[in-house]
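Report on one structure; see the data block that follows.
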Amino acid sequence: MGPLLSYSLYAGTFLILGYATYRALLAGQKQAALNRAALLALYAVSLAALPLATLLGAAHHAPDGGAAFIGRLDVIDATAAVNAAESHFDTARTILWIYAAGTALVAAWTLAGIIRLIALVARGRRFQRPGYTLVLLPGSIVPFSFMRYIVMGEADAEHGAGLVTAHELAHLRARHWLDLLAAQAVCAIMWYNPASWLMRRELRNVHEYQADNSVLAGGADTRSYQMLLIEKAAGVRLQSLANSLDHSNLSKRITMMYKQNRRASRLRVLALLPALLVAAAAVNNSAVASALDRVSAASMKVPAQQKAAPDTKAYTTSFSKDTEKTESTQAPATLPQFPGGMDALTDFLYKELRYPEAAAKAGTQGRVVVTFKIMPDGSTAHPQVQKSVSPELDAEALRIVGAMPRWTPGLDKDGHPVECSFALPVNFALKGSVKHAKSDETIVISLKDAGDTNPSGTTPAPAYFVNGKIFEGDINSISPDAIKSITVRKDLPDYPYGLIEITLN
């Protein structure tokens with residue numbers, strides 16, 4: 001359900017801006033056919049925007065002169081104290097359940113309307129006519145059309161059937177019922193978005209304008225037709241999925257009949273283009289894109305609970321310096337850098353990363369690998385879970401990537417920013433579950449905990465070991481290029497202020 005909600009938010013952005021522009025510039029113009037095309041185009045662009053953006057993103061290549069670089073921060077082990085994460089995931093689940101309930105309710109209401117239409121058609125007397133089936137019901141009802149059926153009361157069949165039939169037949173010939181089904185489907189997946197309901201209303205209005213124009217163009221007397229509309233306006237509309245004679249605002253329809261068609265007003269439809277471009281810029285903003293990715297990663301699943309939660313006080317960050325590249329690409333001349341360097345990235349992860357309490361209570365651990373791109377403007381984009389552990393841990397790993405500030409981008413040999421791709425392994429482990437570091441990973445425990453000070457009130461210096469031997473020189477004298485990995489430990493009684501183990505190449 002998370003991906004569907006994310007998709008509806010993405011598409012809804014286009015729908016809102018498109019509808020606002022349509023309403024301001026096009027809704028009052030006498031150009032029913034063009035307005036219908038504009039509304040349907042807005043639906044099409046809104047619904048296709050995300051698949052198209054994904055397709056273009058998958059086909060994107062690095063600019064000429066540079067190459068996509070695949071770096072790996074080769075092991076980030078993280079477990080933070082359980083705090084606001086439980087509230088975060090509870091809120092996410094609640095929102096997803098509310099969204100699912102609303103979608104199901106609108107879908108059920110739509111299905112009930114279709115069933116009611118079918119029942120009305122089945123109950124009436126049918127008469128085959130060229131191009132449609134006439135269905136007569138006892139008494140007087142508001143005439144409507146749906147698919148190939150025109151439904152009206154027997155009283156209408158005796159008086160004024162010609163105008164009623166001409167109106168409804170115009171709906172059938174234009175296949176307006178297909179528009180309404182599509183609009184109703186959009187309302188189901190974007191039920192919370194006012195633009196979806198307002199767009200559907202505008203579409204129905206345009207349908208009525210088109211049908212009115214068709215009747216009058218067929219030679220009907222304008223006054224007689226208007227009197228028929230006024231008479232039928234006293235009825236009650238029964239079907240939301242069908243086109244009925246009295247559906248849209250009567251005064252607007254009568255006013256539209258007397259309006260002049262100005263050719264210059266057709267150019268207003270071009271205003272939809274900048275509106276859609278603004279929507280595209282909005283959803284591709286790094287902050288918005290990251291938020292949508294987090295929504296997509298959210299889950300409705302409630303993890304299994306245990307009677308007692310394990311101790312979750314623990315680890316933060318370590319990096320190995322190895323990188324990897326594909327055969328078809330080469331590393332840029334200058335690698336991208338987190339603002340402030342690796343130390344700043346360590347601090348950022350320590351402060352921001354939260355071990356989901358639900359995962360902690362369930363004892364869920366493991367290594368989540370998230371890939372993401374560092375764009376030429378330094379923003380992070382397109383985070384994806386390459387190796388999954390659980391919805392909760394996956395979502396937290398995606399969240400932390402989305403929350404990153406802009407990096408200093410990588411540069412090609414000519415000094416131009418290039419796109420780089422990184423893989424970020426995040427190993428979630430509960431305290432006490434890791435006895436020894438694995439040979440291919442670096443287990444790190446944070447030195448950033450509050451209160452880690454000596455009696456004088458200053459932060460003490462940890463002990464340093466290089467290649468297994470104590471190191472008492474200037475740590476800054478070691479070349480970063482010579483470092484293979486760094487391990488920081490804080491679980492050894494003999495080193496109360498921490499132990500930093502450096503392994504050289």
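The structure displayed is predicted, hence computed values, not measured ones. Numbering starts at 1 and runs along the sequence shown.
A salt bridge does not link Glu396 with Arg354: every distance from a Lys NZ or Arg NE/NH1/NH2 to an Asp or Glu carboxylate oxygen is 4.0 Å or more. The existence of a salt bridge linking Glu357 and Lys361 is confirmed by a sub-4.0 Å separation between a basic side-chain nitrogen and an acidic carboxylate oxygen.
Within the 4.5 Å cutoff, the side chain of Arg123 has heavy atoms near those of the Leu137 side chain. Proximity of Arg23 to Leu198: side-chain heavy atoms (C-beta onward) are nowhere separated by under 4.5 Å. Side-chain contact between Trp177 and Leu117: absent, with no pair of heavy atoms (C-beta onward) separated by less than 4.5 Å. Side-chain atoms of Tyr43 and Leu203, non-hydrogen and from C-beta on, do get closer than 4.5 Å to each other. The side-chain heavy atoms of Leu47 and Tyr7, taken from C-beta on, include a pair separated by under 4.5 Å. Contact of the Trp191 side chain with the Leu105 side chain is not registered, since no non-hydrogen atoms from C-beta on lie closer than 4.5 Å. By the 4.5 Å heavy-atom criterion applied to side chains, His176 and Arg36 are counted as neighbours. You'll find the side chain of Pro356 reaches within 4.5 Å of the side chain of Leu393, heavy atoms only.
One distance of note links CD1 of Ile150 with CG of Leu172; it measures 5.0 Å at 0.5 Å rounding. Summarising the geometry, atom OG1 belonging to Thr21 is positioned 12.0 Å from atom CG belonging to Leu270; distances are rounded to the nearest 0.5 Å. In this structure, CG on Leu5 lies 11.0 Å from CE on Met190, to the nearest 0.5 angstrom. Taken from NE2 in His416 to CG in Leu411, the straight-line distance is 9.5 Å, to the nearest 0.5 Å. Atoms OG1 and CG, from Thr103 and Leu4 in turn, are 6.0 Å apart once rounded to the nearest 0.5 Å. Atom CG in Asp221 sits 8.5 Å away from atom CD in Gln226 (nearest 0.5 Å).
Ser196 places a side-chain N or O within donor-acceptor distance of the main-chain N or O of Asn193, the cut-off being under 3.5 Å. A donor-acceptor pair is defined here as one N or O able to donate and one able to accept, closer than 3.5 Å; such a pair exists between the side chain of Lys387 and the backbone of Arg367. With Arg268 contributing its side chain and Leu25 its backbone, the two residues share a donor-acceptor pair below 3.5 Å. In terms of modelled atom types and a separation under 3.5 Å, the side chain of Ser46 and the main chain of Leu42 share a donor-acceptor contact. For Trp407 (side chain) and Pro339 (main-chain N/O), no donor-acceptor pair under 3.5 Å exists by modelled atom type. With hydrogens and angles ignored, the 3.5 Å screen pairs no side-chain donor or acceptor of Glu392 with any backbone N or O of Ala358.
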Criterion side-chain contact (heavy atoms from CB on, under 4.5 Å) on Lys373 and Thr380, from CA distance to verdict: CA-CA 6 Å; Lys373 294 183 182 296; Thr380 58; over 6 Å; no
Thr133 vs Arg148, side-chain hydrogen bond (donor to acceptor under 3.5 Å, both in side chains): CA-CA, chis, key distance, verdict: CA-CA 6 Å; Thr133 299; Arg148 61 186 182 88; 2.8 Å; yes
Worked check of side-chain contact (heavy atoms from CB on, under 4.5 Å) between Leu52 and Val45: CA-CA 9 Å; Leu52 183 60; Val45 171; over 6 Å; no
Working for side-chain contact (heavy atoms from CB on, under 4.5 Å), residues Arg126 and Leu134: CA-CA 6 Å; Arg126 303 187 193 184; Leu134 176 63; over 6 Å; no
Candidate pair Met147 and Leu178, rule side-chain contact (heavy atoms from CB on, under 4.5 Å), full reasoning: CA-CA 8 Å; Met147 298 180 68; Leu178 289 176; over 6 Å; no
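A pairwise comparison of heavy atoms in Ala220 and Leu163 identifies CB-CD2, 3.6 Å as the closest pair. Between Pro417 and Pro376, the shortest heavy-atom distance links the atoms CB-O, 3.4 Å. Residues Leu292 and Tyr10 come closest through the heavy atom pair CD1-CD1, 3.7 Å. Looking at every heavy atom in both residues, Tyr99 comes nearest to Ile189 through OH-O, 2.8 Å. Minimum heavy-atom separation, Val389 to Gly366: CG2-C, 3.7 Å. Nearest heavy-atom pair, Ala397 versus Val368, reported as atom, atom and distance to 0.1 Å: CB-CG1, 3.7 Å.
Defined by atom type and a distance below 3.5 Å, a donor-acceptor pair is present between the side-chain atoms of Tyr225 and Asp212. A side-chain N or O of Tyr192 and one of Ser8 form a donor-acceptor pair less than 3.5 Å apart. Arg200 and Gln184 share a side-chain donor-acceptor pair at under 3.5 Å. No side-chain N or O of His171 forms a donor-acceptor pair with one of Gln210 less than 3.5 Å apart. For Thr371 and Gln386, the side-chain atoms include no donor-acceptor pair closer than 3.5 Å. In this model, a donor atom of one side chain and an acceptor atom of the other lie less than 3.5 Å apart for Ser145 and Glu168.
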